[in-house]
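Just so it is clear, the values below take in all heavy atoms, side chains as well, and ignore hydrogens, waters and symmetry mates. Bear in mind that the values here come from a model prediction, so they are computed numbers and not experimental data.
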Amino acid sequence: MKWLIRILFILVAVAGLVIGALLLMPGDKLGKILAEQVKAQTGRELTFSGDVRLSFWPVLGMETGPVTFGNAPWASSEPMLSAQSLAVGVDASALLAGDVRIRRVVAEDPVLRLELSQGRGNWEMSASQTGASNTGSGNSDAPAPNSAAPAETGTVTLDRLELSKARLVYVENGVPQMDFSGVDLKASWPDVTAPMKMSASMPVPGGAVEVDLEIPDLPAFSSGAVTPLVLGLTAPGGEISFDGRVNLAGEMDGKTHVRTTNTDAMLAAFGQGGVSVPMGLGRVADVSGHMTYTKDGRISSRDMRAVLDQNSFDGAADIVIASPPKITARLSTGDLDLTQATAGSAPNSGGTGGGGKQAPEGWSQAPIDASPLSLANGTIRLKANSIAIPDMTFGPSDLSLSLDRSRAVLKMEPATLFSGKLTGEVVANNRNGLSVGGNLTATGIDLKQALTTLGGVERLSGTASGTLQFLGVGQTEAQIMRSLSGKGSLDVGKGVISGFDLDRLMGRGEGSGGTTVFNSLTATYTIQDGNLTNNDLLMQLDNFRADGAGRVGLGARDIDYVFTPVALRANGGNGIAVPVRIKGPWSDPSIKPDLSKVIEAATEEKLKELEQDAKDKALKKVGEELNTTISDSEQVEDALKQKLEDEAKKGLLKLLGRD
C-alpha cells in the first residue's frame, strides 16, 4: 500500500512540476507551443503579438493579446480571424475523455472573414490541410490518404462564443456579399444534439438591427445539407421572421413574415435611405407568405398576403435583388384606396395640395413627387374590385403596370371608370423631367360623372364613347394641363344639356333655364398647348340639328364655344335660328344667344336680297333692249350673240340688195 501512495505522490509531484514549469514559462514560448499544436491540428498559422496566459483546471484555457488565425490555402491571403484580444477555455475533464467542450471563446474587436468557394468553406478545418500524409515506410500497398478510414474523434461543442465590436465579412466565389462592422455576436451550442443559438446586434441608421437565429442540426448544416432554420430580425421600423429550411450557401425556403411600423425607417436601416413609400402602398405593412431565396439573389413568394396601410392584397411575386430591385407580381385585391398616394396632389375643388400656390380655377401648382417611379423595375398585374385615386374611383379593373428606369406604363385590360370601360395605356415618364401621356378607347362612359370629376362641368350628361391620345409635360398639374397636346373623338347617345332650353330658344328667342334633350352628339377634336379645338360637332334633336365649333381651355379651365342651328321645324317654321355661345370659366360659364351671328346672318341675307333685286332689274332692262326674255346672266351672252347675228344678216341682205 505504501508503494501505491508513493507512486501517486510522485505522479502528483511530476504533474505539479510540469504545470509549474508551464506557468513559469515566458508567454512567447507558450504562444509558440500553442501555435505549433494548432498548425498540426488545423494546418493554419496562429500568430500571437503578445504574451499568452494559461489556465489548467477545471478549464484549460488561454488569454492572449493581438492574435491572427490564418485562412484556408485556397482562400484569400487575409486571415480568417484577427482580434485585439482572445480568450479561449476548454473543459479539461471532457478533453481527457476525448471530447472538445469549448467553454468560452471571447474576442475583442475581431474581424471574422468567412469564405465559400465551390462548396468549400474556410471554416472547415482538419490536419490534412497541412498537405502532409502519413504513408508509413512507402509501402505501395498502403492506402492513399483520401481512402483512409477516418479516425474516430470526440464531439465538439460550444458553451459560449462572444464577439465584441466585430467586423463580419462574407465572400462567395471571390465576390464580397456582406461586410458589417460594429457587430456584437453571441452564440451557444452546448450539445451535439442541441440547437445552435445565435444572437447578434449591429448599428444602423436610426438604431440597431437585432438578429436571433436557431439551427436545430448544426452538424448537418455544416456538412452542406439542407436543415431547418428559425430566424427573427428586428430593425428600426419593423421586424422579419422566418421558419423554414436553409443550406450552407444561404439559400432559404419557408414561411416568412414581415411587419413594419415605419417602412421608410426600415429601408433606411438597410441602406435605402431617402425612399418615401406612398401612403396606401405600405408605410405600415404586414406581409406573409411562403418565401424561397436562391444564392443568385432571387426571391419568390407564394400564397402571399400583404396588408399595406389600409389596403390588402393576395397573390404571388418574384423579386430579383438589384439596385433597383426587379419585381414580377400577380395580385388581387378588393377595394384599393390610393387617394393619398400622390404627394403634392390637390383636389380640383381648389385645394392647394400641401401648401402649393393655387392655379386658376383649381389646377395645383404644387410640385408632383414622381420619385416612386424609380423604386423598382418589373411588371405588376392587378385585379381589383375598385381603385380609388385622387378625385376618381375605378370599378372592377384588370390592370398591368410596367416599370422600367423611372418610366411607368399602365395598361387597362379593361378598367371600369365612370360606369364605362377603358382600354389602352397611360404612361408616366420621369427619366428626364415628368411627362404623362396615353392612348385610350372608352365605351359606355357616364359623361356627367366624367366631366364633373375631371373639370367640374355638370351641365352635360349622356352615355359616351370615344378615343383619346394625349401628351403633357411639367412638374405640376397646372404645367401638365397647359402643355397638353393630342387628338380624339366623341360619340354620345341620347343626352341632356342643363341650363338652357335650345328648343325654346329656336322657337321664341328665349333660351335661359330649362334643359335641352338631344338624340345624339358626335365630334372630333385636336389638343394643342392645353386648348381643345373642335370644328365638326353635330347634335341631332327632334326638331332640328345644330353644329358646334370652338375652344375648350383644358389648361385655363375655360370655354368659348358656339352652337349654330342648321334647320328648324318647330313652331310651324316661325322660329328664329339663334346661335348659342358658351363662354367663361368651367365653374360658371355664360350661355347666351349670339346676336352678333344673328346680325351677320341677317345682313348677309339682306345683301343677297338687294343683289338679287338689282340683278333682276338689270336682266329685265337688257331683255327689253334685246327684245327677249332673260332670266339669268348666262342668257345675256346668248341673247347678245343672237342679236348680233340677226343684225349682221340684215346688213348683209341690204348690201346684196335684198330685204
Flag, side chain of Glu251 to backbone of Val246, donor-acceptor distance under 3.5 Å | no
Determine yes or no for a side-chain-to-main-chain donor-acceptor pair under 3.5 angstrom, with Thr339 supplying the side chain and Asp337 the backbone.
-> no
Glu239/Arg259 ion pair, N-O < 4.0 Å = yes
Lys/Arg-Asp/Glu bridge criterion (N-O < 4.0 Å) met for Arg381, Glu413 = yes
State, yes or no, whether a side-chain contact exists between Leu375 and Val277 at a heavy-atom distance under 4.5 Å.
-> no
Report yes if the side chains of Pro390 and Gln340 come closer than 4.5 Å at any heavy-atom pair, otherwise no.
-> no
Scanning both residues in full, the closest heavy-atom pair of Leu248 with Tyr170 reads O-OH, 4.3 Å
Do the side chain of Arg431 and the main chain of Arg405 share a donor and acceptor less than 3.5 angstrom apart?
-> yes
Rounded to the nearest 0.5 Å, what separation is found between the OG1 atom of Thr193 and the CG atom of Asp217?
-> 9.5 Å
Test side chain to side chain contact (heavy atoms under 4.5 Å, CB included) applied to Ser312 and Asp286, Leu336, Val307, the passing residue | Val307
Side-chain heavy atoms of Val426 within contact of Leu440, under 4.5 Å = yes
Val427 versus Arg407: any side-chain heavy-atom pair under 4.5 Å?
-> yes
Looking at side-chain heavy atoms only, is the closest gap between Leu116 and Asn122 below 4.5 Å?
-> no
Which heavy atom in Asn377 sits nearest to a heavy atom in Pro324, and how many Å separate them?
-> ND2-CG, 3.8 Å
Taking atom types as modelled, find out whether Asp335 and Asn385 have a side-chain donor-acceptor pair closer than 3.5 angstrom.
-> yes
Correct closest heavy-atom pair for Ala187 and Met196 would be CB-SD, 4.5 Å
Is a side-chain donor-acceptor pair under 3.5 Å present for Glu115 with Asn71?
-> yes
Looking only at non-hydrogen atoms, find the nearest pair between Gly121 and Trp74 and report the distance.
-> C-CZ2, 3.6 Å
Minimum-distance pair of heavy atoms, taken over all atoms of Asp309 and Met279 | OD2-C, 3.6 Å
Side-chain (Ser397) to main-chain (Phe394) donor-acceptor, under 3.5 angstrom | no
Decide side chain to side chain contact (heavy atoms under 4.5 Å, CB included) for Leu399 and Met412; before the verdict, give the C-alpha distance in whole Å, the side-chain angles of both, and the deciding distance to 0.1 Å.
-> CA-CA 5 Å; Leu399 308 177; Met412 306 176 193; 3.9 Å; yes
How long is the span from the CG atom in Leu213 to the CE atom in Met198, to the nearest 0.5 Å?
-> 4.5 Å
Taking the side chain as C-beta and beyond, is there a heavy-atom pair between Glu214 and Leu229 under 4.5 Å?
-> no
Would you please test Leu382 and Phe313 for side chain to side chain contact (heavy atoms under 4.5 Å, CB included) and show each step?
-> CA-CA 9 Å; Leu382 174 66; Phe313 302 86; 4.1 Å; yes
Rounded to the nearest 0.5 Å, what separation is found between the OG atom of Ser332 and the CG atom of Asp398?
-> 11.0 Å
Any residue meeting side chain to side chain contact (heavy atoms under 4.5 Å, CB included) with Asp212, in chain and number order, not counting sequence neighbours | Ser199
Please determine, by modelled atom types, if Asp253 and Thr292 share a side-chain donor-acceptor pair under 3.5 angstrom.
-> yes
Tightest non-hydrogen contact, residues Ala166 and Leu163, listed as CB-CB, 4.0 Å
Pairwise side-chain contact, Val204 with Pro236, heavy-atom cut-off 4.5 Å (strictly under) | yes
Can you establish whether the number of heavy atoms outside Arg298 located under 6.0 Å from its atom CZ is more than 12?
-> no
Main-chain N/O of Ala285 paired with Thr260 side-chain donor or acceptor, under 3.5 Å | yes
Pairwise distance CG(Leu112) to OG(Ser82) - rounded to 0.5 angstrom = 9.0 Å
Does Thr379 reach the main-chain N or O of Ser402 with its side chain, forming a donor-acceptor pair under 3.5 Å?
-> no
Worked check of side chain to side chain contact (heavy atoms under 4.5 Å, CB included) between Asn311 and Leu338 | CA-CA 9 Å; Asn311 299 312; Leu338 299 177; 4.1 Å; yes
Side-chain ion pair, Asp404 and Lys326, N-O less than 4.0 Å = no
Does a side-chain N-to-carboxylate-O contact under 4.0 Å join Arg283 and Asp264?
-> no
Asn173 atom CG, neighbour heavy-atom count above 12 within 6.0 Å = yes
Going by distance alone, is a donor N or O of one side chain under 3.5 Å from an acceptor N or O of the other, for Ser201 and Glu210?
-> yes
Do the side-chain N and O atoms of Lys421 and Thr416 include a donor-acceptor pair separated by under 3.5 angstrom?
-> yes
Check whether any side-chain N or O of Arg302 sits under 3.5 Å from a backbone N or O of Ala316 as a donor-acceptor pair, and report yes or no.
-> no
What distance do Thr333 atom OG1 and Lys383 atom NZ have between them, rounded to the nearest 0.5 Å?
-> 13.5 Å
Would you check if Arg167 and Phe180 make a side-chain contact, meaning some heavy-atom pair closer than 4.5 Å?
-> no
Who pairs with Ile240 by side chain to side chain contact (heavy atoms under 4.5 Å, CB included), at least two apart in sequence or on another chain?
-> Leu233, Thr256, Val258, Met266
For the side chain of Trp189 and the backbone of Ala194, is there at least one donor-acceptor N/O pair under 3.5 Å apart?
-> yes
Show your working on salt bridge (Lys or Arg N to Asp or Glu O under 4.0 Å) between Arg305 and Asp314 and close with a plain yes or no.
-> CA-CA 5 Å; Arg305 174 71 173 175; Asp314 295 288; 2.8 Å; yes
Could you grab the distance from atom OG of Ser85 to atom CG of Asp109, nearest 0.5 Å is fine?
-> 7.5 Å
Let me see the working for Lys295 and Glu172 under side chain to side chain contact (heavy atoms under 4.5 Å, CB included), right down to the final yes or no.
-> CA-CA 10 Å; Lys295 61 182 180 181; Glu172 187 173 327; 3.8 Å; yes
